[in-house]
Amino acid sequence: MVGVQRSSGDSVSDISSGEKEEKSVGLYRRSDMACACMRYWSSISPPAAAASAGLQNETLNSRVLVLGGTGRVGGSTAIALSKLSPDLRIIIAGRNREKGASMVATIGKNAEFSEFDINDAKSLESALTGVDLVVHAAGPFQQSENCRVLEAAIRAKIAYLDVCDDTSYSLRAKSFMNDALAAKVPAITTCGIYPGVSNVMAAELVRVAKIENKGEPERLRFYYYTAGTGGAGPTILATSFLLLGEEVIAYNKGEKIKLRPYSGMVSIDFGKGIGKKDVYLLNLPEVTSTHEILGVPTVSARFGTAPFFWNWAMDAMTRFVPSEVLRDRSKVQEMVRLFDPVVRVIDGYAGERVSMRVDLECSGGRQIIGVFSHKRLSISVGYSTAAFALAVLEGSTQPGVWFPEEPEGIAIEARELLLQRAAQGTINFAMHKAPWMVETNPKEVGLGIYV
Ligand SMILES: NC(=O)c1ccc[n+]([C@@H]2O[C@H](COP(=O)([O-])OP(=O)(O)OC[C@H]3O[C@@H](n4cnc5c(N)ncnc54)[C@H](OP(=O)(O)O)[C@@H]3O)[C@@H](O)[C@H]2O)c1
């Protein structure tokens, strides 16, 4: 049922070499491609009609199972899917019947509820019966010892994607590559807004920089900002605590380095609607995957939140709470129960703005960036994940387990539509800009000229 697979002729397994990458865009001549890219990126604003087009007749009413569909990310994904492609059949799966019924009522006639517990193999198998794609949003993924949903999807020959934001989990998911290939199951790990859309933005920055041939990509930096919890559920709080217990992996000139979590603060201008924010190092899967897949020697990821005292609290936790405690899922769940009510009250004041800035520096000092900002993370994460789901249904993903930046995960020619869909409702979305074109403070561009 999942859309027609692309022919093997337009795929590459390693895009770190410019020569191989050119093969992947072999349908176009290099100059045509560069012109097309520049036309596209200079004019992008996400038109709703373009974003909702795309599914072929045979996939229009595919059945999509959203595990964790009663939660914030899964629920938001289900709603976005129903808006982008109203004929899809959406199955909301979770443990809580009441929450399930409420989500089904929100989506309408094409939705149904399926009760399941991720720890109960039988209920998982029964939830997977007769579906075309499973979207796994029933986190947290940190400190998980298996990839139960992916394994079950491969056994049942069902396309798969997850919103995992954990390095170990994503690498474990990748280890099922051969099983997915043998079963001809397309699967993508770390979809969502960040990681997910940010990986695709990075892949596009690197690809276009290589086509323009004005210096080798040398340094890639992911900067993220979310006010409060971004309107996400209690799981995101658990995720944040669990991440604070992990050493940060980054890459410096090709060398893997380990750093203290929530250290290395820098102040970053996220541009219109967000402004300057302090961001700190976190261990996020897109650092390793983009380093290896895109071949950029220096990569890191930083995150910051608001109000400012949450940043101080996170820093204090890494200093004073033993990392064994922060890595223990049951202890972290207890901490979440304690902190969640306070966090919710402060969320009411903080709002839930979200912004991603992806910076690419090339040899010779040339710097190009992409920025993506939305007033509400709880909505934007849904459109971002839904954009991946539609791309998989449309056949953009080859059998195997992929990261979003791999051309076999999201075909290069499918990235434009994916980003358009994800960028629904953004207050600022721009790619391939010099930093001064995006930043809020006036900058001197030379000879005393300010912009
Ligand atoms: N990649 C990205 O861009 C991104 C962004 C934000 C968040 N995330 C990740 O998304 C995940 C979900 O976050 P959230 O804010 O949506 O959390 P949430 O609101 O707490 O939702 C969690 C969902 O998982 C379900 N669930 C939990 N344990 C389950 C179990 N044992 N069996 C079945 N269902 C279970 C819950 O169902 P019940 O109704 O049964 O409780 C609920 O639907 C987190 O892991 C977070 O790290 C990723």
Side-chain angles (χ1 to χ4, degrees), residues 1-3 5-6 8 11-15 64-68 74 77 93 116-192 195-196 199-200 203 239 246 249 283-294 329 385 388-389 391-393 395-411:
M1 274 294 272
V2 173
Q5 299 301 326
R6 292 179 304 130
S8 56
S11 72
V12 287
S13 56
D14 174 5
I15 64 169
V64 182
L65 173 71
V66 185
L67 301 182
T77 302
F116 102 110
D117 190 314
I118 211 166
N119 302 314
D120 172 2
K122 278 213 170 120
S123 76
L124 178 57
E125 262 170 44
S126 115
L128 286 169
T129 307
V131 307
D132 300 301
L133 166 69
V134 54
V135 176
H136 179 14
F141 297 90
Q142 283 71 16
Q143 309 299 325
S144 172
E145 276 155 18
N146 55 62
C147 288
R148 205 166 273 153
V149 178
L150 174 59
E151 288 178 73
I154 292 173
R155 272 197 305 277
K157 298 194 188 302
I158 289 164
Y160 166 98
L161 67 86
D162 64 47
V163 297
C164 154
D165 44 12
D166 178 62
T167 309
S168 307
Y169 190 98
S170 66
L171 295 176
R172 192 173 310 122
K174 276 296 257 184
S175 72
F176 290 94
M177 172 68 91
N178 287 340
D179 302 82
L181 279 172
K184 298 193 173 56
V185 166
I188 321 184
T189 184
T190 70
C191 304
N199 303 45
V200 176
T239 299
E246 292 181 12
I249 304 288
N283 192 36
L284 293 172
E286 54 272 45
V287 170
T288 298
S289 67
T290 53
H291 167 72
E292 286 177 4
I293 292 157
L294 304 178
R329 276 172 70 125
T385 313
F388 281 101
V392 175
L393 290 171
S396 296
T397 308
Q398 295 195 14
V401 184
W402 311 104
F403 284 109
E405 62 271 38
E406 290 183 279
E408 297 90 338
I410 297 296

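This is a predicted model, so every value here is computed, not measured.
A donor-acceptor contact closer than 3.5 angstrom links the side chains of D162 and T189. Side chains of E405 and S289: a donor-acceptor N/O pair is present below 3.5 angstrom, by distance only. For R172 and N146, the side-chain atoms include no donor-acceptor pair closer than 3.5 Å. D165 and Q142 form a side-chain donor-acceptor contact under 3.5 Å, judged by distance and modelled atom types alone.
Looking only at side-chain heavy atoms (C-beta outward), F403 and I188 stay at 4.5 Å or farther from each other. Looking only at side-chain heavy atoms (C-beta outward), L65 and L133 stay at 4.5 Å or farther from each other.
Electrostatic pairing of K174 and E292 does not count as a salt bridge here, judged by no charged N lying under 4.0 Å from a carboxylate O.
In plain terms, the two heavy atoms of A187 and T397 that are nearest each other are N-CG2, 4.1 Å. Of all non-hydrogen atoms in I118 and R148, the two that sit nearest each other are O-CD, 3.2 Å. Residue G196 comes nearest to P404 through the heavy atom pair O-CB, 3.8 Å, listed as atom of the first residue, atom of the second, then distance. Heavy atoms only, all atoms of each residue included: S170 and P285 are closest at OG-CB, 3.6 Å. Closest of all the heavy-atom pairs between Y169 and C164 is CD2-SG, 3.6 Å. In plain terms, the two heavy atoms of L161 and F388 that are nearest each other are CD2-C, 3.7 Å.
Within the model, atoms CG of L181 and CD of Q398 stand 9.0 Å from one another, a figure rounded to the nearest 0.5 Å. We find the OG1-CH2 distance between T190 and W402 to be 13.5 Å, quoted to the nearest 0.5 Å. Atom OG1 of T288 and atom CG of N283 lie 7.0 Å apart (nearest 0.5 Å).
Checking side-chain atoms of S123 against main-chain N and O of D120 turns up a donor-acceptor pair under 3.5 Å. Checked by atom type and distance alone, the side chain of S396 never pairs as donor or acceptor with a backbone atom of V392 at under 3.5 Å. Judged by distance alone, with hydrogens and angles left aside, the side-chain atoms of K157 form no donor-acceptor pair with the main-chain N or O of V185 at under 3.5 Å.
Not a single side chain to side chain contact (heavy atoms under 4.5 Å, CB included) links T129 to another residue, sequence neighbours left out. Every residue two or more places apart in sequence or in another chain that forms a side chain to side chain contact (heavy atoms under 4.5 Å, CB included) with A152 is listed here: L124, L128, R155.
Counting only residues at least two apart or in different chains, ring-ring contact (aromatic ring centres under 6.0 Å, His included) contacts with residues 118-140 comprise H136-F141.
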Worksheet item: After noting the C-alpha distance and the side-chain angles of F176 and C147, does the key distance pass the side-chain contact (heavy atoms from CB on, under 4.5 Å) rule?
Response: CA-CA 9 Å; F176 290 94; C147 288; 3.8 Å; yes
Worksheet item: Run the side-chain contact (heavy atoms from CB on, under 4.5 Å) check on L393 and V64 step by step: do they pass?
Response: CA-CA 9 Å; L393 290 171; V64 182; 3.9 Å; yes
Item to complete: Dump the intermediate steps for side-chain contact (heavy atoms from CB on, under 4.5 Å) on V135 and L67, then the final yes or no.
Response: CA-CA 6 Å; V135 176; L67 301 182; over 6 Å; no
